[in-house]
Chemist: 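Quick one: the structure is below, questions incoming.
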There are 2 protein chains.
Amino acid sequence: MAYRISSMKRKVTLKEIARELDVSVSTVSKALRNSKEISQDTIDKVQAFAKLYNYRPNNIAISLKNRRSKNIGVIVPELSHMFFTQVISGIENIANANAYNVIICVSNESFQKEVINMEMLANGSIDGFIIAISKETQLKRDFHHLREVINQGMPLVMFDRVSEEIYCDKVVVDDAQAAYNAVRYLISTGCSRIALLSTPDHVSVGKLRTLGYMNALQDAGIEFNENLVVKANSDEECEEGVRKMLKYRVVDGIFAVNEIFAVIAMREAQRKQFRIPDDISFIGFTDGNISKYANPPLTTVVQHGYDIGQHAAMKLIAKLEEQEPDDHFTTEVIKTSLNLRESTKSLTK
Amino acid sequence: MAYRISSMKRKVTLKEIARELDVSVSTVSKALRNSKEISQDTIDKVQAFAKLYNYRPNNIAISLKNRRSKNIGVIVPELSHMFFTQVISGIENIANANAYNVIICVSNESFQKEVINMEMLANGSIDGFIIAISKETQLKRDFHHLREVINQGMPLVMFDRVSEEIYCDKVVVDDAQAAYNAVRYLISTGCSRIALLSTPDHVSVGKLRTLGYMNALQDAGIEFNENLVVKANSDEECEEGVRKMLKYRVVDGIFAVNEIFAVIAMREAQRKQFRIPDDISFIGFTDGNISKYANPPLTTVVQHGYDIGQHAAMKLIAKLEEQEPDDHFTTEVIKTSLNLRESTKSLTK
DNA sequence: TATTAACACGAAAACGGTTTCGTAACTCAA
DNA sequence: TTGAGTTACGAAACCGTTTTCGTGTTAATA
């Protein structure tokens with residue numbers, strides 16, 4: 001297809017415009033930026049030519065010159081969780097409004113991939129990081145890669161899964177408080193035998209949500225019963241745990257630390273002919289599609305991922321644009337709320 | 001915190017290493033790459049120093065020099081669909097294996113954002129595109145941004161939502177065939193009054209899946225009944241349409257062009273006390289979490305997003321690495337399969 | 001008419017690398 | 001002793017920009 005090849009307008013550079021118009025590269029550059037150093041005649045000529053040939057400055061060259069890329073790197077453990085995609089949307093919103101581009105990388109919950117991704121991005125491709133660390137990283141407690149980029153003077157904002165060991169800006173939800181509120185809500189609708197579906201303790205959010213659960217019980221004068229706690233590593237463990245619990249224990253409310261465990265439990269309850277919410281009420285963490293389209297639709301703790309993303313991006317950009325680096329870091333706590341749907345009863349007057 | 005600042009090792013460059021070791025920049029560069037032009041002594045000295053100061057070459061500089069970034073740009077309409085995140089995983093898999101980095105951008109189903117994102121990335125940040133165009137772009141049929149990057153000599157691979165107007169490599173699922181198979185399956189399990197839940201016709205995949213539905217009916221000798229078709233733009237329209245249909249028509253099978261419409265329909269059926277799958281069977285397109293965690297779990301058409309991503313990445317990288325650009329483009333059709341779950345009956349012998 | 005200021009532009013350095021080419025110093029054989 | 005061939009390195013160009021500074025030309029002023 002010689003036609004296509006010959007019709008190809010290869011990307012035009014300043015140098016080519018300069019040669020074609022018989023002026024210097026500097027003149028072209030200035031003319032394009034409407035410098036008052038350049039005569040109106042020349043400006044018009046250059047801009048017309050640039051437009052004709054669809055000139056676009058090369059981002060890479062500009063990044064090199066300015067020593068900043070106007071890119072923000074985002075690293076998330078996975079994309080399949082609605083929460084993370086909401087955070088990404090929030091980040092994009094603020095970033096784009098400030099002329100920043102967002103580069104997303106996925107660690108896949110792997111420490112190794114997290115390190116690789118960070119190293120790849122840290123060498124000039126981005127100006128700062130927004131990251132939620134992987135489960136594996138939380139388990140290993142190895143944060144050298146985070147320390148390294150911070151030491152290089154690159155701003156970093158952590159969200160959701162954070163570490164107190166790292167000194168940087170953070171945006172989190174108050175997991176303990178959110179869980180507390182959810183369980184209190186169950187209690188206020190008349191539940192008293194409330195089960196907890198959780199993950200192993202090394203996942204920071206699992207631990208905190210468990211804490212909130214226990215506090216809520218205590219404040220309501222309900223005794224903690226460890227037979228009503230299921231800790232699961234997988235869907236299957238969760239299903240099995242719930243099955244046994246429903247068989248041997250009386251339960252009238254279930255609080256799950258994520259939406260998947262919640263719908264698994266609902267399914268199990270429905271198999272056993274429990275009515276939802278009349279016999280058992282359910283609340284899950286994370287307001288995603290799974291909850292929204294569950295039957296009945298699941299009441300959830302909404303973490304406002306979009307807001308979290310916005311705040312994280314605002315913090316990062318503030319750090320990026322400040323003149324003299326300051327070493328003052330803050331942790332922002334985003335309030336959660338309950339999205340009441342049909343898996344819970346109404347408040348009893 | 002003067003301590004932290006003073007402990008900051010700013011990024012070290014070749015020039016600084018050269019100055020420190022009193023050799024030239026070229027020598028340092030060569031030494032780091034084990035050039036045989038350089039004596040072993042010098043190599044050792046330089047590499048030791050580089051390691052000590054944790055030298056990492058600046059990607060931006062290398063990109064500028066090589067005129068290639070080793071980055072692949074991926075543009076998807078949204079991240080909240082499992083299908084797209086699966087595709088992204090597949091792309092990442094192949095890309096990383098070939099030392100390419102993946103930059104993800106989200107068009108949010110907006111033509112405008114799609115154009116902006118493409119222009120942003122096209123100016124040096126990436127070497128090639130993998131894209132599924134937005135609904136709005138499909139509606140407007142305005143593909144100038146795609147044509148532009150192609151004309152600039154940048155390889156582009158389209159997937160899922162493609163356009164015949166654009167001449168490039170493509171990876172698609174055979175939507176019509178997949179729908180055909182799904183509906184034939186419903187028929188083979190004894191369904192004969194099968195409803196279709198679809199989207200407006202301008203969405204290419206909606207049209208094709210509708211076609212497959214009609215062909216399946218025809219081949220089975222079942223007359224097409226337009227009263228059994230619901231075309232919806234939103235969840236609400238879908239719910240309303242299904243409600244009416246179940247009220248006035250006899251239906252024993254429902255095929256939906258996405259998983260959300262399918263679970264909405266299931267919920268509606270359950271409200272009306274239909275048993276699933278005994279009274280009505282359901283199949284949805286897209287094998288995501290919503291289907292997996294529905295109750296009952298939904299039988300779906302699985303599009304093998306991971307495979308699609310892998311193939312798209314392979315095609316793109318092949319184009320990127322070939323010596324002389326060839327203008328031969330292919331369209332690859334990835335086979336779908338059915339993930340049989342509890343929303344459908346078993347095959348009748 | 002001589003001096004100065006404004007104007008319009010180009011040369012060159014810089015960002016951080018890679019690579020080509022030139023060359024000083026040394027080794028070795030004739 | 002001379003010529004050729006190695007060895008080990010540096011200078012410079014280059015990728016595509018931006019920006020500082022210098023300068024020739026013209027216009028305005030004394």
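Here is the naming used below: chain letters follow the sequence lines, and residue numbers restart at 1 for every chain.
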Chemist: Going by the rule side-chain hydrogen bond (donor to acceptor under 3.5 Å, both in side chains), which residues pair with D44(B) if we only count those two or more places apart in sequence or in a different chain?
Modeler: Q40(B)
Chemist: Could you check whether S29(A) gets within reach of a base, just the sugar-phosphate, or nothing at all, counting any heavy atom under 4.0 Å?
Modeler: base
Chemist: How many whole angstroms separate atom CZ of R67(A) from atom P of dT17(D)?
Modeler: 20 Å
Chemist: Side-chain N or O of R33(A) versus OP1/OP2 of dT19(D): is the shortest distance under 4.0 Å?
Modeler: yes
Chemist: Classify S39(B) by what it touches in the nucleic acid, base, sugar-phosphate, or nothing, heavy-atom distance under 4.0 Å.
Modeler: sugar-phosphate
Chemist: Examine the base of dT20(C) for any acceptor or donor lying under 3.5 Å from a partner atom in the side chain of K30(B), and report the outcome as yes or no.
Modeler: yes
Chemist: Once you round it to whole Å, what is the distance between C1' of dT17(D) and CG of N66(A)?
Modeler: 8 Å
Chemist: Rounding to a whole Å, what distance do you find between I62(A):CD1 and dG16(D):P?
Modeler: 13 Å
Chemist: Which heavy atom of A95(B) sits nearest a heavy atom of I72(B), and at what distance?
Modeler: CB-CD1, 4.1 Å
Chemist: Contact list please: residues 18-27 of chain B against DNA chain D, heavy atoms, distance less than 4.0 Å, in numerical order.
Modeler: V23(B), S24(B), S26(B), T27(B)
Chemist: Looking only at non-hydrogen atoms, find the nearest pair between Y167(B) and I150(B) and report the distance.
Modeler: O-CD1, 4.0 Å
Chemist: Grab the CD1-C1' distance between I17(B) and dG17(C) for me, whole Å please.
Modeler: 12 Å
Chemist: Within less than 4.0 Å of OP1 or OP2 of dA14(C), is there a side-chain N or O belonging to K15(B)?
Modeler: no
Chemist: Which is more 5' along DNA chain D, the nucleotide nearest E37(B) or the one nearest L14(A)? Just name the residue.
Modeler: E37(B)
Chemist: CG of L64(A) versus C1' of dT19(D): gap in Å, rounded?
Modeler: 15 Å
Chemist: What is the nucleic acid contact for S63(A), judged by heavy atoms within less than 4.0 Å: base, sugar-phosphate only, or nothing?
Modeler: nothing
Chemist: Round to the nearest Å and state the distance from Q152(B) atom CD to dG16(D) atom P.
Modeler: 13 Å
Chemist: Starting at atom CG of N59(A), determine the distance to atom C1' of dT18(D), rounded to an integer number of angstrom.
Modeler: 14 Å
Chemist: Give a yes or no on this: more than 12 heavy atoms of other residues, nucleotides or ligands lie within 6.0 Å of atom NE2 of H144(A).
Modeler: yes
Chemist: When the ring planes of F159(B) and F83(B) are compared, do they come out parallel, tilted or perpendicular, using 30° and 60° as the limits?
Modeler: tilted
Chemist: With a non-hydrogen cut-off below 4.0 angstrom, is R56(A) in contact with a base, only sugar-phosphate, or nothing?
Modeler: sugar-phosphate
Chemist: Between E16(B) and K11(B), does at least one N-O distance fall below 4.0 Å, as a salt bridge requires?
Modeler: no
Chemist: Find the distance I60(B):CD1 to dC14(D):P and express it as a whole number of Å.
Modeler: 22 Å
Chemist: Want to settle it: does T42(B) or K65(A) sit nearer the 5' end of DNA chain D, counting the closest nucleotide to each?
Modeler: T42(B)
Chemist: Quick test of your reading of the model: are E332(B) and K170(B) salt-bridged, counting only N-O distances below 4.0 Å?
Modeler: no
